[in-house]
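Each remark here refers to the structure printed beneath this line.
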Amino acid sequence: MKLLKVENVSMIFGGLTAVKEFNLELNQGEIVALIGPNGAGKTTAFNVITGVYTPTIGHVSYKEKNITGQRPDQITKQGIARTFQNIRLFKDLSVLDNVLIANHLHLKSNFLEATFKLPRYRREEKQILEKSLNLLEKVGLKDAQGEKASSLPYGKQRRLEIARALATNPTILLLDEPAAGMNPKETDDLTEFIRQIRDDFKLSIFMIEHHMQVVMGISDRIIVFDYGVTIAEGNPYEIQNNQKVIEAYLGVAEDYA
Amino acid sequence: MKQKKTLLTLIAILILFVFVFIADQTLDSYKMRILNLCAIYVILGLSMNLINGFTGLFSLGHAGFMAVGAYTTAILTMPDIVKTQNFFMTPMMKPLDTLHVPFFLALLAGGILAGVVGYLIGAPALRLRGDYLAIATLGFAEIIRVVFTNTQSITNGALGLKGIPVSTNIWWTFGLALVTVLIIGSLINSSYGRAFKAIREDEIAAESMGINLFKHKVIAFTIGAFFAGIGGGLLGSLLGTIDPLMFRFFLTFNVLLIIILGGMGSITGTIISAIIITIGGEALRFLDESMTIGSLVIPGISGMRMVVFSALLMIVVIFFNHGIMGTKEFTWDGLFAKFAKKPLAKGGNKQ
Ligand SMILES: Nc1ncnc2c1ncn2[C@@H]1O[C@H](COP(=O)(O)OP(=O)(O)OP(=O)(O)O)[C@@H](O)[C@H]1O
Ligand SMILES: [Mg+2]
């Protein structure tokens, strides 16, 4: 079964076609990368899948169900979580709170049960806390649980953002430039980390990334955007040898790699 | 440790009630009135902080919710003959003219009605963002006032209501302030409270984490309106008279001042600041009266107090825009850490 299917999606802002006739099929366990020069429309494609924008044309379906036009929270609830290109943590809240918040969507207790700490809520809160601490342990942030999110070093903030997305229990994880601003060592760790969470959490991953080292290392398939248009699609080997890609992107991309 | 903290909290509550008891026995009625106002402003401040401080909504409709609570409580507690005396222009609508319930139920009804009104206003207005929400809620509060001025047979219009039974006493105000602190504190420290704070921090990220923005904003707004209604009901029954003019924007401004000074997003900050502002407001009352310095007589300028208040607000906003407490809380952990002269324990700013 195709987990995620993007069919013929175009996103037009006024006169600007940010994404044009985009198609994607994501299978269980796959890692697919989306690359392309700045302003190519990659983040816009993410925003369409996650419900931030409703596509001007086309459909998005998840597990064979049409999710086009649903709100971001509804889409996340069904199993698609994301991170942001410019980290968007809840800055003034603690590391632990950031992860706890991402569990709220599955809470069954209503606000009265929560306020008056009724048994069902107490049970749920205990589970959420345990689950969150486990998750923080897994991503190596347990010791930082009480710190303010904004006080973490950059690499750890990226990691926390991924942990927060994982806390929503996704089956698909969308990562928008997870290695941005990282040094080579951090980039290596991240590559390994992504592979590991894919296996541990049985995820499919769709990610935007400029670091060729990361992209070529872990992607099953790569999609290349240029001015909103998909100019190539294939495995890392095919993409590296694709003439169009070399012209449009890789030539310029020396500085990213 | 946890038990120890609960014990400390219980002891603190006990001390509070001993204080209330002694105050009740010894203080004159003017001082009692100020104490009552302190507690009422704690309730009002917390209810507004839930909406504006914790959830990050820019709402200016507080006076409207208070008016709903105050009128409901007054109408449900006034004896028949006082009602007839009040409504000499237009007789009161049936069955309101003979309806009354015990004080507590009247307060509760005022809170619930304010909550319902909050929900009805919130449902459309909370779809608006930032400044638009402020304008919409401000407009709503003015509309409530105009409606109350014109529904003669229910509210007695511009004449207002006089002779409202003064059922509010220090036990009610301090008791309900305590209940409000406990309830709003418990809500804020629950999963819902975390969701509210997430919305305040970053709406886009919160929505992407599966939080239904609209639903949570409506919950915070409605609960805030409920407590504003309770506060309004207590205030009306403390003063004994209410009229639509009492619920001008000025009243909302007063509460806003409290939460900005205390810290948007701090319960303990709100409590401290409600007390400072209420007592300070009384202490500054001399500014409105005429003064004699030596042989010089300065005529009183009414509204001078408000000028000083507004200047205070501006100073707070400009120089310490996080208020007294910011989003921090006073906690036992924090206190222990201070005495132990050690850095704050992990998670020390949580209750
Ligand atoms: N809400 C919007 N309204 C108007 N134009 C937009 C909007 N969002 C994106 N765009 C435009 O769409 C184009 C694609 O932007 P997008 O952010 O998707 O690029 P990107 O591939 O993610 O680039 P980068 O590598 O810099 O992150 C840009 O020209 C951008 O200005
Ligand atoms: Mg982008």
Side-chain angles (χ1 to χ4, degrees), chain A residues 47 50-52 71-84 87-107 109-117 121-122 124-125 128-129 143-150 161 164-165 167-170 174, chain B residues 50 53-56 127 179-180 182-224 226-227 263-266 322 326-328 333 343-350:
Chain A
N47 284 337
T50 54
V52 175
R71 288 192 315 267
D73 60 287
Q74 295 171 314
I75 290 174
T76 305
K77 213 166 178 172
Q78 295 172 64
I80 304 180
R82 74 175 291 180
T83 64
F84 295 90
I87 306 178
R88 299 192 87 120
L89 288 168
F90 304 120
K91 291 194 195 72
D92 278 343
L93 305 183
S94 71
V95 168
L96 178 60
D97 274 347
N98 268 271
V99 176
L100 290 173
I101 286 165
N103 284 282
H104 183 69
L105 77 173
H106 296 303
L107 192 82
S109 308
N110 63 35
F111 73 90
L112 290 172
E113 290 175 276
T115 304
F116 296 105
K117 305 279 183 280
Y121 174 75
R122 281 214 299 264
E124 286 192 279
E125 176 77 13
I128 287 175
L129 186 64
D143 292 337
Q145 58 171 292
E147 272 159 52
K148 240 188 187 187
S150 58
E161 224 198 0
R164 187 181 66 172
T168 64
N169 297 343
L174 306 187
Chain B
L50 177 65
F54 286 103
T55 319
R127 298 195 187 276
V179 168
T180 310
L182 293 178
I183 289 184
I184 292 188
S186 177
L187 174 65
I188 284 305
N189 288 307
S190 77
S191 190
Y192 282 86
R194 289 193 296 261
F196 296 158
K197 290 182 226 167
I199 293 173
R200 174 190 71 199
E201 295 283 312
D202 189 332
E203 282 200 8
I204 293 176
E207 197 176 28
S208 286
M209 290 306 115
I211 294 168
N212 182 336
L213 297 181
F214 180 65
K215 177 183 152 191
H216 287 85
K217 287 179 183 179
V218 169
I219 292 176
F221 197 72
T222 307
I223 297 175
F226 170 83
F227 283 107
M264 300 278 265
S266 172
H322 294 298
T327 56
K328 291 194 193 64
D333 283 342
L344 217 67
K346 255 185 240 162
N349 59 355
K350 264 200 284 355

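In what follows, chains carry the letters A, B, and so on, assigned in the order in which the sequence lines appear, proteins first and then strands, with residues in each chain numbered from 1.
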Between atom [atom1] of [X] and atom [atom2] of [Y], what is the distance when rounded to the nearest 0.5 Å?
{"X": "A/Ile75", "Y": "B/Glu207", "atom1": "CD1", "atom2": "CD", "value": "9.5 Å"}
{"X": "B/Ser190", "Y": "A/Glu113", "atom1": "OG", "atom2": "CD", "value": "11.0 Å"}
{"X": "A/Leu112", "Y": "B/Ile183", "atom1": "CG", "atom2": "CD1", "value": "9.5 Å"}
{"X": "A/Asn103", "Y": "B/Arg194", "atom1": "CG", "atom2": "CZ", "value": "8.0 Å"}
{"X": "A/Ile101", "Y": "B/Glu201", "atom1": "CD1", "atom2": "CD", "value": "8.0 Å"}
{"X": "A/Lys77", "Y": "B/Met209", "atom1": "NZ", "atom2": "CE", "value": "14.5 Å"}

Would the distance check show the side chain of [X] and the main-chain N or O of [Y] forming a donor-acceptor pair, the cut-off being under 3.5 Å?
{"X": "A/Thr76", "Y": "B/Ser208", "result": "yes"}
{"X": "B/Lys197", "Y": "A/Asp92", "result": "no"}
{"X": "B/Ser186", "Y": "A/Thr115", "result": "yes"}

Please look at [X] and chain B and tell me whether the side chain, the backbone, both or neither of the residue comes under 4.5 angstrom of a heavy atom of that chain.
{"X": "A/Ala114", "answer": "both"}
{"X": "A/Lys148", "answer": "neither"}
{"X": "A/Thr50", "answer": "neither"}
{"X": "A/Phe84", "answer": "side chain"}
{"X": "A/Ser109", "answer": "backbone"}

Ignoring hydrogens, what is the shortest heavy-atom contact between [X] and [Y]? Give both atom names and the distance.
{"X": "A/Phe90", "Y": "B/Ala205", "result": "CE2-CB, 3.8 Å"}
{"X": "B/Gly210", "Y": "A/Asp73", "result": "C-CB, 3.5 Å"}
{"X": "B/Tyr192", "Y": "A/Asn110", "result": "OH-CA, 3.3 Å"}

Identify which of A/Gln74, A/Arg164, A/Glu161, A/Glu124 forms the greatest number of heavy-atom pairs closer than 4.5 Å to chain B.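 Counting heavy-atom pairs under 4.5 Å, the top option is A/Arg164.
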Looking at chain B, which one of A/Lys91, A/Glu125, A/Arg82 has the largest number of heavy-atom pairs inside 4.5 Å, strictly under?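 Sorted descending by pairs with chain B, the first entry is A/Glu125.
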Counting neighbours of CD1 on B/Ile204 that are heavy atoms of other residues, nucleotides or ligands and sit closer than 6.0 Å, is the number greater than 12?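 For B/Ile204, atom CD1 is not crowded (no more than 12 foreign heavy atoms under 6.0 Å).
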Which bit of B/Ile211 is near chain A, if near means a heavy-atom gap under 4.5 Å: side chain, backbone, both or neither?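 Both parts, backbone and side chain.
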